[in-house]
Amino acid sequence: MTERYNPSKVEMKWQKFWHESDAFHTGRDKERENFYCLEMFPYPSGRIHMGHVRNYVIGDVTAHYKRMKGFNVLHPMGWDAFGMPAENAAIKNGVHPIKWTIENIDYMKTQLKRVGLSYDWNREVTTCTPEYYKWNQWFFIKMLEKDLAYRKSSFVNWCRSCSTVLANEQVIESKCWRCDNEVVQKELPQWFFRITKYAEDLLQGCDTLKGWPDHVVAMQRNWIGKSRGVEMDFGIAGSERKVRIFTTRPDTLFGATFVCLAPLHPLASELTENKGALQRIKDTYGKEDEKIGHFTGQHAVNPMNGEEIPVYIANFVLMEYGTGAIMSVPAHDQRDFEFAKKYDLPIKQVIIPEKEYNRSSDKHSGGSDLTEAYTGDGVMVNSGEYSGKSNRDGMERIADFIETNALGKVVINYKLRDWGISRQRYWGTPIPVIYCDTCGILSVSEENLPVILPDNVNLTGTGSSPLAELAEFTFTTCHKCGKEARRETDTMDTFVDSSWYFIRYCMEKGDHDLKEELNNASSEIRKWMPVNQYIGGVEHAVLHLLYSRFFTRVLRDIGLVDTDEPFTNLLTQGMVCKETWKCSDHDWLLPEEVEGASCSHCGKEVVKGRIEKMSKSKKNVIDPGHLIEKYGADTARLFILFAAPPDKDLEWSDKGVEGAYRFLNRLWNIVHKLSGDPEFAVINEDTYKNRDHVTSIERKTHQTIRKVTWSMDRDFHFNTAIAALMELLNEITASKPQSRNDYVSLKSSIKSMLLLLFPFAPHISEELWIAVGGKGSILSKEWPRWDEELAKEEEIDLVVQINGKVRAKISIPPDKPDDEIKQIALDNEKVKSLTEGKNIFKVIVVKGRLVNIVVK
RNA sequence: GCCGGAGUGGCGGAAUUGGUAGACGCAAGGGACUUAAAAUCCCUCGAAGCACGUCUUCGUGCCGGUUCGAGUCCGGCCUCCGGCACCA
């Protein structure tokens with residue numbers, strides 16, 4: 001009796017072998033092309049979840065495939081190890097963040113190894129180590145020198161729950177990205193990175209991101225939010241004061257019926273007497289959908305026509321965008337329209353749709369009959385000399401007029417804001433700055449780096465920077481004047497760490513001096529960058545991916561890399577989801593808490609919830625550890641890859657996992673059954689050459705190699721690649737070898753099958769490779785090639801259509817000339833009877849596909 | 001509202017990028033083996049119709065178009081999902 005498939009035994013054996021032979025050490029063969037395959041590194045939260053497994057398995061298949069295709073592959077892994085959970089765990093359990101973090105890393109590393117992932121651990125990066133964060137500090141200093149880092153006091157997003165500041169990108173629907181609590185505005189001095197300086201570069205770079213998903217590029221473009229318009233001054237009537245407004249619609253200038261100021265605009269408090277009213281508007285600023293305004297009592301003068309229009313303070317006008325003041329054109333802007341209706345302000349239409357424009361009449365509706373703003377294009381009316389022109393044309397002419405008459409200028413605005421990086425927390429990179437009463441703000445000198453994060457800090461979670469409590473850290477001497485000085489006690493946003501970790505992977509572990517890599521044309525960094533394939537969750541579409549693009553540009557400008565973009569190809573994998581169960585009394589339920597259709601606690605009816613992303617709170621998680629224990633890593637990998645294409649959400653199915661397991665079992669059984677067959681066992685390298693004819697299994701094998709290779713090369717269609725392997729196995733299982741020739745092609749077929757399966761299910765492939773007499777590990781083997789001749793069928797079924805409908809099938813050799821095929825089709829009995837008495841108009845032959853006879 | 005993406009069997013999903021729609025898997029039904037069950041193996045499996053076939057008709061969200069031929073291309077809708085959202 002043959003041995004049963006025992007995944008854990010097989011997997012332990014090969015994982016040990018790979019580990020001991022340092023099998024995934026990054027290749028250095030100069031003859032070979034380099035391929036950098038990267039997955040987003042995890043936060044060491046404690047244990048891996050199914051989302052990690054999916055992410056890393058997709059990367060692992062890619063890495064294996066590229067290795068077999070003959071590339072030197074860089075496939076590293078590391079830890080995004082600074083961050084709040086470690087600090088929170090410390091406050092809660094009294095464990096030091098470093099201990100908590102290191103223990104988690106150790107455990108998760110074991111888990112990753114159990115999945116059989118082919119990482120080069122010689123390049124492991126851990127961001128909370130001084131060897132790593134030293135370079136965060138060095139980059140900070142370089143950015144300070146280049147005026148890319150600066151300090152200013154401003155209103156910032158403050159999360160009360162996390163007791164820290166958040167960057168704009170980290171506020172999702174006015175909630176904290178991490179803890180989902182409400183974010184408030186607070187005024188604090190902060191360090192910023194001047195990402196806005198790269199706004200245009202980042203935007204233009206979007207055009208080059210051909211290997212990124214459309215929606216991610218679109219999100220980046222939206223976030224940068226470029227718009228072109230004019231800035232111009234409106235005078236305040238009876239005063240020397242002016243108010244500068246920004247508009248993208250100078251063509252509507254003649255329709256402006258009032259001006260609005262943001263409540264925080266400097267003129268707002270100057271112009272209004274009623275401070276109470278102003279405060280009410282401030283209070284609702286950015287919070288309420290309802291538009292609230294207050295008339296200042298002052299009027300502004302429209303420079304185009306000299307009209308005096310009222311000046312309001314309005315809660316919907318943003319101080320951070322444009323000039324903090326707008327001209328309001330209620331007829332052509334929906335927000336202004338709503339505001340005008342509410343405060344009974346005039347609505348003056350100056351653009352009407354082409355269709356409604358009557359050239360012979362001067363009578364045009366004033367706008368009082370509008371039910372909503374008209375924001376489309378059209379013909380200008382009531383606009384002085386511009387009346388009768390198209391608004392597109394008018395827009396350019398008015399902009400020119402404003403510039404030539406020095407009323408204002410054409411400007412470009414971006415929604416992108418500078419990146420605030422100060423965090424009032426402990427577990428992060430100290431910002432390398434000192435404050436000296438004599439010398440001012442100074443960066444720590446390079447030779448004093450790193451500024452070590454002290455470990456004897458008292459973590460209370462009360463809100464101020466923990467480092468500020470520590471006198472020995474805070475007080476230092478100024479390296480310039482020698483007097484007493486204070487250190488900056490905020491730490492850096494952890495997104496700084498992840499903005500360049502992919503560059504650190506280009507070198508093996510060790511305390512490398514990145515300064516030596518500056519302008520070094522043959523540096524390892526230049527050799528590997530940019531990343532050929534990056535894989536990770538879509539939740540970083542603007543956060544991490546935008547910061548990394550920014551950092552790469554900064555590092556390009558200081559001479560560390562020579563690429564603009566860090567990631568050539570990006571795959572955003574879908575979520576791993578599972579069905580949920582809900583009881584009206586007991587909320588979310590585990591599957592084992594559901595008995596039939598009722599709750600096991602109270603007997604009440606259970607409602608099947610939506611299919612949701614796996615999460616502890618919704619009680620629909622599958623633990624990768626348990627899964628692997630039960631079925632093995634190969635089954636887990638295969639199922640995850642087979643169940644859905646990588647970029648789509650994957651719905652977990654226990655039955656589907658069993659299907660994948662059955663497939664591996666069938667493969668195991670057939671290989672062992674055959675190896676026990678003396679006729680099969682005797683086949684060796686020499687007998688391969690002595691085949692006398694091509695068998696159908698051989699043809700199928702070459703077709704499979706072709707299909708799998710295509711699937712791999714075209715958009716990661718791993719699911720169809722696996723389907724092709726299943727088809728091949730079905731054929732192998734069904735085959736009944738009778739001659740020596742049959743055995744030869746069967747054995748060669750199985751060997752090809754194992755090579756093709758290897759990236760997906762590496763352990764079982766290695767094991768069965770040995771069982772069929774393969775030499776050495778599959779790791780040293782090349783990806784199989786197909787022979788187009790051998791993939792060709794002897795006879796193919798050709799469809800015969802009449803007027804596009806399938807009417808018959810004919811069996812012919814694939815390379816028969818078109819005119820012969822045409823004749824065979826026309827001679828077909830069925831075709832004859834159907835075309836009887838009709839006029840054959842045209843016959844189309846599509847090679848290898850069909851014949852279409854067009855009759856009338 | 002704006003920007004992206006997607007609609008195909010009971011389900012997850014295929015379709016060589018304009019050429020036989022439904023590969024592969026799951027579920028379901030039937031059968032074999034077994035004292036029995038599990039496991040395994042074999043058959044059926046989009047809908048309707050009848051003459052039960054190597055049959056006919058319909059069928060890829062809806063309406064129209066291009067084409068010998070459309071799930072695929074074009075125009076117009078509908079629905080769902082994701083992102084941003086008072087950005088003037």
Side-chain angles (χ1 to χ4, degrees), chain A residues 4 172-174 213-223 225-227 229 245-249 252 260 285-286 288-291 314-318 320-329 332-336 338-339 375 413-417 538-539 541-542 574-575 639 642-645 647-660 662-663 665-666 669 703 706-707 710-711 714 717 719-730 733-734 797-809 830 841-855:
Chain A
R4 276 190 56 213
I172 317 289
E173 288 177 349
S174 67
D214 292 344
H215 67 283
V216 176
V217 180
M219 282 162 76
Q220 295 247 335
R221 283 202 184 98
N222 279 343
W223 192 262
K226 180 181 184 174
S227 58
I245 61 104
F246 171 71
T247 181
T248 54
R249 292 293 303 273
T252 64
C260 287
Y285 176 73
E288 279 180 39
D289 285 346
E290 201 197 338
K291 293 176 177 51
N315 67 342
F316 71 93
V317 178
L318 302 173
E320 314 82 77
Y321 185 76
T323 59
I326 58 166
M327 65 160 188
S328 286
V329 186
H332 305 294
D333 182 287
Q334 188 57 27
R335 295 156 300 184
D336 297 345
E338 285 166 29
F339 193 85
T375 55
N413 267 326
Y414 299 92
K415 290 188 205 170
L416 186 69
R417 298 273 84 91
V538 73
E539 65 272 19
V542 274
M575 299 183 295
F639 168 71
F642 180 62
D647 55 324
K648 288 204 184 161
D649 287 353
L650 180 156
E651 190 194 333
W652 197 264
S653 150
D654 294 333
K655 292 287 181 188
V657 175
E658 279 172 32
R662 269 200 290 273
F663 166 71
N665 266 292
R666 284 201 294 138
N669 292 337
Q703 288 162 7
R706 183 173 62 189
K707 195 166 174 195
W710 281 351
S711 294
R714 188 166 56 88
H717 284 199
N719 53 332
T720 55
I722 294 167
L725 292 172
M726 287 173 166
E727 275 187 71
L728 179 59
L729 181 64
N730 288 344
T733 319
D797 277 347
L798 211 61
V799 165
V800 184
Q801 296 183 331
I802 296 174
N803 290 345
K805 298 210 178 214
V806 182
R807 293 300 175 194
K809 282 174 188 173
K830 191 148 180 221
F841 190 66
K842 200 173 177 186
V843 180
I844 296 148
V845 179
V846 183
K847 227 170 186 45
R849 300 253 163 244
L850 52 75
V851 182
N852 190 15
I853 301 165
V854 187
V855 298

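Reckoned from all heavy atoms, side chains included, excluding hydrogens, waters and symmetry mates.
- Taking atom P on both nucleotides, A23(B) is separated from G9(B) by 13 Å, rounded to a whole Å.
- Under the 90° criterion around 0 for the glycosidic angle, U44(B) counts as anti.
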Seminar exercise, completed: Per-nt protein contacts along nucleotides 20-27 of chain B (heavy atom under 4.0 Å; B base, S backbone sugar-phosphate only, - none) come out as B--BBSSS
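- Across A28(B) and U35(B), the matching P atoms stand 26 Å from one another, rounded to whole Å.
- Mapping R807(A) and A644(A) onto RNA chain B via the closest heavy atom, the residue that lands nearer the 5' end is A644(A).
- Between G18(B) and C74(B), the two P atoms lie 11 Å apart (nearest whole Å).
- Considering CZ of R249(A) and CG of D333(A), their distance stands at 9.0 Å, rounded to 0.5 Å.
- At a threshold of 4.0 angstrom between heavy atoms, the contacts of S227(A) are confined to the sugar-phosphate backbone, with no base atom among them.
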For this session: Encode nucleotides 2-11 of chain B as B, S and - characters from 5' to 3', where the letter depends on protein heavy atoms closer than 4.0 Å: B to the base, S only to sugar-phosphate, - to neither.
Result: -SSS------
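- For the pair D333(A) CG and G1(B) C1', the computed distance is 12 Å after rounding to whole Å.
- Judged by distance alone with a 3.5 Å cut-off, a donor-acceptor contact links the side chain of R714(A) to the base of U17(B).
- A70(B) sits 23 Å from A14(B) when the P atoms are compared, rounded to a whole Å.
- Atom CG of D647(A) is separated from atom C1' of G82(B) by 13 Å (rounded to the nearest Å).
- For the C1' atoms, the distance linking A51(B) with G12(B) amounts to 38 Å, nearest Å.
- The phosphate of U40(B) (OP1 or OP2) has no side-chain N or O of R4(A) nearer than 4.0 angstrom.
- Residue T247(A) has its side chain nearest to A88(B) when only A85(B), A88(B), G69(B) are considered.
- With a glycosidic angle more than 90° from 0, G83(B) adopts the anti conformation.
- Between K830(A) and U56(B) there is a side-chain N or O to OP1 or OP2 distance below 4.0 Å.
- Put simply, the side chain of N315(A) gets close to the backbone of E290(A): a donor and an acceptor are under 3.5 Å apart.
- Closest non-hydrogen pair, I326(A) versus F316(A), comes out as CD1-CE1, 4.1 Å.
- Nearest heavy-atom pair across V854(A) and N803(A) is CA-OD1, 3.3 Å.
- In this structure, K291(A) forms no cation-pi arrangement with F339(A), as its terminal cationic atom is not both closer than 6.0 Å to the ring centre and no more than 45° off the ring axis.
- Nucleic acid contact for V217(A): none, since no nucleic acid atom lies under 4.0 Å from a heavy atom of the residue.
- For G59(B) and G46(B), the C1' atoms lie 8 Å apart once the distance is rounded to whole Å.
- No engagement by P213(A) is indicated, since no non-hydrogen atom pair under 4.0 Å with the nucleic acid exists.
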For this session: List the steps, then state whether side chain to side chain donor-acceptor pair (under 3.5 Å) holds for R4(A) with N665(A).
Result: CA-CA 8 Å; R4(A) 276 190 56 213; N665(A) 266 292; 5.8 Å; no
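- C55(B) and G61(B) are spaced 30 Å apart, taking the C1' atom of each and rounding to whole Å.
- Residue-to-nucleotide proximity on RNA chain B shows that, of K805(A) and V317(A), the 5′-proximal contact is made by K805(A).
- As rounded to the nearest Å, A27(B) and U40(B) have P atoms that lie 10 Å from one another.
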For this session: For each nucleotide in nucleotides 70-81 of chain B, reading 5' to 3', give B when a protein heavy atom comes within less than 4.0 Å of its base, S when such contact involves only the sugar-phosphate, and - otherwise.
Result: ------------
